[in-house]
Amino acid sequence: MYGRVKDELTATLQEIRDAGLYKDERELTSPQSAHVTTTQAEALNFCANNYLGLADDPGVVEAARTGLAQWGFGMASVRFICGTQTPHRSLERHLSDFLGMQDTILYSSCFDANGGFFEVLFDADDAIISDELNHASIIDGVRLSKAQRFRYHNADMTDLRRQLVAAQDCRRAVIATDGVFSMDGSYAPLPQICDLADEYGAMVFVDDSHAVGFVGEGGRGTPELFGVQDRVDVLTGTLGKALGGASGGYTSSHREVVDLLRQRSRPYLFSNSVAPAVVTGSIAALELIASSDDKRRVLRRNTELFTQLMTDAGFDLLPGTHPIRPVMFPGDDGARLAAEIADHMLAKSGVYVIAFSYPVVPRGRARIRVQLSAAHSEDHVRTCVSAFVAARDAVG
Ligand SMILES: *Cc1c(COP(=O)(O)O)cnc(C)c1O
């Protein structure tokens, strides 16, 4: 009996629309790349997580095609029944080697990796100390565990210490943080976090989804960037961003942690294996990333060029080196201005960027989040900056 529920849902949907929060999806009629076509227009894409441009890389696509032919379309099983093939093991080993961790367990997504982690290791006697800006999947994963929860202000080490003190009587504690905060493109201060973890006997958990593959000299993520690779206990990440962008996630950690996750982690035990073609494609992406700096170098050049040109043009960018480059539109009028500029850029210059405002970011901190990619050429970056300038002139 759907009945009254229909009217209630219609009213809720209207509330979402009235608040300006309704999310319309643009339908792409092309592969994910620097250039995309949509049902309405052709656009230069500056809002994908395709950091290394591997989403349509010919080598990655070919490896997926070969995997499809060799290993079939799907597994129709969870891993522990009959869903583990040689490539699944191989990808786990590749990830462990690349990240310098003892072992790795694959999930259907990083959302699942985070959702399936905390409950396994932390119960009512334990403490989870979490950055307030952590990704939704960490928040949900923490909710699923019975552990005591402590939250600290974003990257605030004084507050983190306060929470560690408050959690001191717990049996076991973990500090959980995103490696990169995706609305700001800022890094978690891992050396200080690791110092505090040592001081208070806590483990360190880092979700490096917005870093793995391209942050750090060898692309090994924020632990490499900060030189703390041997001090992070748990690394989670996604295959759905820089590592080819298909789907899948992982948890890399000490052997015992991964062993226990294989026994107890619910999204691993009760959800289907990652499709073989995705696994073989992801292995190819990872091999490419591990064997060459070329794409990281292009990404870095594009990020620096964009920052330089935008700063010269008088735009207000958050400081930083991450290819997430937020262009700020502060103040009461910022949300409207950011939205109008983004619309103008797509309509008039064919440059696709996304504006974010409250409640996704704090009030008065509206922004257009630009994401650079190794798929962009220098000309693409210049076109993007010109589009910003033209839109600012037109919109005021
Ligand atoms: C994108 C992202 C995820 C989700 O990854 P999926 O594999 O798409 O589920 C999790 N955590 C962080 C920090 C992310 O940026």
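Sequential numbering from 1 along the given sequence is applied to the chain's residues. All heavy atoms count here, side chains included; hydrogens, waters and symmetry mates do not. Numbering of ligands and ligand atoms starts at 1, following listing order.
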inquiry  = Strictly below 4.0 Å, N to O, side chains only: are R262 and E92 in salt-bridge contact?
reply    = yes
inquiry  = Checking a contact table here: which protein heavy atom is nearest atom 1 (C) of ligand 1, and how many Å away?
reply    = K241 NZ, 1.5 Å
task = Can you pull out the closest protein heavy atom to atom 5 (O) of ligand 1? Residue, atom name and distance to 0.1 Å, please.
result = C110 CB, 3.3 Å
task = Mark yes or no: R367 above the aromatic ring of F356, with NZ or CZ under 6.0 Å from the six-membered ring centre and no more than 45 degrees from the axis.
result = no
task = Compute the shortest N/O to N/O distance between D178 and ligand 1 and return yes if it is under 3.5 Å, no if not.
result = no
task = For T280 and A63, indicate whether the former's side chain and the latter's backbone hold a donor-acceptor pair under 3.5 Å.
result = yes
request  = Using distance alone, with no hydrogens and no angle criterion, decide if R365 and Y358 have a side-chain donor and acceptor under 3.5 Å apart.
outcome  = no
inquiry  = For a quick check under 3.5 Å, do H135 and N114 share a side-chain donor-acceptor pair by atom type?
reply    = no
inquiry  = Would R296 and F214 count as a cation-pi pair here, with the cationic atom under 6.0 angstrom from the ring centre and within 45° of the axis?
reply    = no
query = Would you call R161 and E199 a salt bridge, using N to O less than 4.0 angstrom?
reply = yes
query = Should the proximity of S109 to ligand 1, defined as any heavy atom under 4.0 Å, be assigned to the side chain, the backbone, both, or neither?
reply = both
key: Identity and distance of the protein heavy atom lying nearest atom 7 (O) of ligand 1   = T238 OG1, 2.6 Å
ask   = In terms of atom number and element, which parts of ligand 1 are under 4.0 angstrom from non-hydrogen atoms of G248?
value = 7 (O)
query = Relative to the heavy atoms of D207, which atoms of ligand 1 are at a distance of less than 4.0 Å?
reply = 10 (C), 11 (N), 12 (C), 13 (C)
key: Numbered atoms and elements of ligand 1 in range of S137, under 4.0 angstrom, heavy atoms   = 10 (C), 11 (N)
query = For atom 9 (O) of ligand 1, what is the nearest protein heavy atom, given as residue, atom name and distance?
reply = F111 N, 2.9 Å
